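Data first, discussion second: the structure below is written as structure tokens.
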Protein chains: 2
Amino acid sequence: MNAPRHNADSHRRGRPPSTSARELERAALRLFTEQGFDDTTVEDIAAAAGVSRRTFFRYFDTKTAVLWHQFDGEVQRLRAAFDAVPARTSLMDAIREVVVHVNHYRAEDVPELRARMQLISTVPALQASAGPHYDAWERAVSDFAASRLGQRPDTLYPLAIGRTTLAACRAAFDQWIATADTDLTTYLDLALQALANGFEGERTGQASRRVRSRRRC
Amino acid sequence: MNAPRHNADSHRRGRPPSTSARELERAALRLFTEQGFDDTTVEDIAAAAGVSRRTFFRYFDTKTAVLWHQFDGEVQRLRAAFDAVPARTSLMDAIREVVVHVNHYRAEDVPELRARMQLISTVPALQASAGPHYDAWERAVSDFAASRLGQRPDTLYPLAIGRTTLAACRAAFDQWIATADTDLTTYLDLALQALANGFEGERTGQASRRVRSRRRC
DNA sequence: GGGATATCCGGCACTGAGTGCCGAATAGGC
DNA sequence: GCCTATTCGGCACTCAGTGCCGGATATCCC
């Protein structure tokens with residue numbers, strides 16, 4: 001991702017960028033929803049943003065990457081939130097609280113979030129492109145778990161915690177997309193509670209009477 | 001996957017296939033390890049198997065799919081094993097036992113398995129192609145969990161169980177690839193035990209004293 | 001034996017993603 | 001006005017993936 005350096009620094013040297021990653025993302029999202037992902041070429045997206053095809057690939061490595069822009073940015077917020085979590089909070093509680101906190105969206109941002117996730121969870125080419133983006137997200141969780149467990153981030157348990165956390169969140173995302181009835185964070189909290197409980201007692205589907213802070217008995 | 005129908009039926013009607021998915025897979029695996037994934041074209045693979053480029057795409061939809069052939073086949077064995085598991089075994093125990101059982105490989109198959117997983121876990125283009133193949137695997141677990149929980153397979157908990165199960169297994173796979181010290185099933189059992197325990201008490205990394213069948217206390 | 005039929009293969013042309021290269025355009029610094 | 005830094009646009013190229021069609025090779029049936 002060697003995108004142009006448009007860091008709000010008004011006195012840069014060279015030619016000013018004629019677009020932005022955000023602008024390309026909006027154009028792509030609109031075209032993808034209007035006429036489908038496969039029937040939209042990179043040429044179309046670039047033209048809609050007023051730049052050339054070649055310039056699109058200076059902002060994003062692939063056609064699919066344009067839809068992962070916001071998701072990739074979330075990784076930074078995830079790491080910041082992990083750094084701010086108090087040490088007394090237990091590992092799985094901390095993960096749940098951080099993930100839920102990071103996924104609070106302003107009401108005006110929700111429609112775009114839904115549109116993006118709708119595409120990601122339905123278009124095969126977009127599902128297929130998820131891997132590298134998920135990896136960075138998982139690693140943020142794995143690094144936190146590793147620091148708590150006193151183990152290296154690439155060992156079994158930190159790795160497993162990072163990946164299962166994302167897996168549970170993806171189930172919550174999909175459920176939110178499919179039903180559209182309540183807040184995203186509700187599903188995230190449910191899924192991460194179930195994960196921390198080892199999926200015990202999910203037989204009823206009644207989450208409200210699940211024990212929040214289960215301790216040694 | 002509209003591959004030729006070479007179902008061991010010796011008296012088919014038309015022209016016999018001049019290669020097989022398995023043969024193409026072996027050629028691809030050899031070339032990928034020898035000269036790298038990106039530096040191997042589909043033309044190269046087809047030539048190594050003695051067929052044309054066009055024919056390769058009759059056996060596999062994409063260049064990456066050739067390495068997922070065995071993995072896709074495992075899904076069938078997974079479903080069969082789930083059908084055979086006794087009803088008295090608890091949900092998460094059943095999942096762990098089935099997954100571990102399906103992943104017992106003969107010693108002579110291990111080197112090829114390692115080579116394939118080595119590629120999958122290192123080459124970005126292959127990681128990126130994992131999505132659809134993982135989905136089918138996850139769905140097999142989700143369907144089983146749904147039948148046990150009395151819920152639909154596309155609801156939150158079955159979905160979460162299917163995805164977190166694969167996530168834990170992938171952590172085990174990666175650990176096995178990285179260390180190469182013990183059997184794959186050892187790591188799988190560890191990771192799925194940890195998942196069923198909600199990742200409690202993983203601080204020590206000592207798995208042997210974890211309680212196997214933890215029940216209500 | 002010989003046609004009818006079924007299946008697979010090879011080749012060609014085409015679209016579109018992604019890349020390397022280079023010169024042009026537009027800014028600030030001196 | 002010249003130098004430098006940065007972005008942009010265009011061109012040419014490789015390669016993945018697809019649609020199409022004729023040819024090759026098998027079995028079936030008469």
Side-chain angles (χ1 to χ4, degrees), chain A residues 1-24 27-28 31-32 35-68 123-126 128-129 132, chain B residues 1-24 27-28 31-32 35-68 123-129 131-132:
Chain A
M1 192 86 76
N2 42 0
R5 341 254 173 276
H6 44 341
N7 41 358
D9 196 14
S10 66
H11 40 73
R12 270 178 300 93
R13 252 323 182 97
R15 173 178 179 169
S18 51
T19 184
S20 64
R22 179 77 183 122
E23 192 174 346
L24 284 167
L31 289 172
F32 289 165
Q35 62 191 40
F37 178 84
D38 290 326
D39 292 333
T40 303
T41 67
V42 174
E43 180 82 40
D44 294 337
I45 305 171
V51 295
S52 77
R53 196 180 85 98
R54 191 64 186 84
T55 295
F56 174 91
F57 284 112
R58 287 204 177 88
Y59 284 84
F60 297 103
D61 291 336
T62 63
K63 177 185 174 184
T64 53
V66 68
L67 275 198
W68 294 99
V123 178
L126 287 171
S129 70
Chain B
M1 192 85 76
N2 44 0
R5 342 256 173 273
H6 43 342
N7 40 357
D9 197 13
S10 67
H11 38 74
R12 271 182 301 51
R13 243 341 172 89
R15 170 178 181 171
S18 51
T19 185
S20 65
R22 179 77 184 119
E23 192 173 347
L24 284 167
L31 289 173
F32 289 166
Q35 61 191 41
F37 178 84
D38 289 327
D39 291 334
T40 303
T41 66
V42 174
E43 180 81 39
D44 295 337
I45 304 171
V51 294
S52 76
R53 196 180 85 97
R54 191 64 186 83
T55 294
F56 174 91
F57 285 112
R58 287 203 177 86
Y59 284 85
F60 297 104
D61 290 337
T62 63
K63 176 185 175 184
T64 53
V66 69
L67 275 198
W68 293 99
V123 178
L126 287 171
Q127 297 174 356
S129 69

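Quick caveat: nothing in here was measured; it's all calculated off a predicted structure. When reading the values below, keep in mind they use all heavy atoms of this one structure, side chains included, and skip hydrogens, waters and symmetry mates. Every chain is numbered from 1 and lettered A, B, ... according to where its sequence line falls, protein lines coming before strand lines.
- Whole-Å rounding puts the A:Glu23 CD to D:dT7 P distance at 16 Å.
- Distance B:Phe60 CZ to D:dA16 C1': 16 Å, rounded to the nearest Å.
- In this entry the distance linking CD1 of B:Ile45 with P of D:dA16 reads 8 Å, nearest Å.
- Nearer the 5' end of DNA chain D, as judged by each residue's closest nucleotide, is the contact made by B:Arg54, out of B:Arg54 and B:Pro16.
- A heavy-atom distance below 4.5 Å is found between the side chains of B:Thr19 and B:Tyr59.
- Taking atom CZ of B:Arg15 as the reference point, atom P of D:dG22 lies 17 Å away to the nearest angstrom.
- For B:Phe37 and D:dT14, the CZ to P distance is 19 Å, given to the nearest whole Å.
- Between A:Glu43 atom CD and C:dG16 atom P the separation is 10 Å, expressed in whole Å.
- Comparing B:Arg13 and B:Gly50 by the nucleotide of DNA chain C that holds the closest heavy atom to each, the one mapping nearer the 5' end is B:Arg13.
- The residue from B:Leu67, B:Val42, B:Val66 that alone fulfils the side chain to side chain contact (heavy atoms under 4.5 Å, CB included) condition with B:Phe60 is B:Val66.
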Check the pair B:Arg58 / B:Val51 against side chain to side chain contact (heavy atoms under 4.5 Å, CB included), numbers first and verdict last. CA-CA 11 Å; B:Arg58 287 203 177 86; B:Val51 294; over 6 Å; no
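- The distance between atom NZ of B:Lys63 and atom P of D:dT14, rounded to the nearest whole Å, is 16 Å.
- Here D:dA16 presents its P atom at 15 Å from CG of B:Asp61, a figure rounded to the nearest Å.
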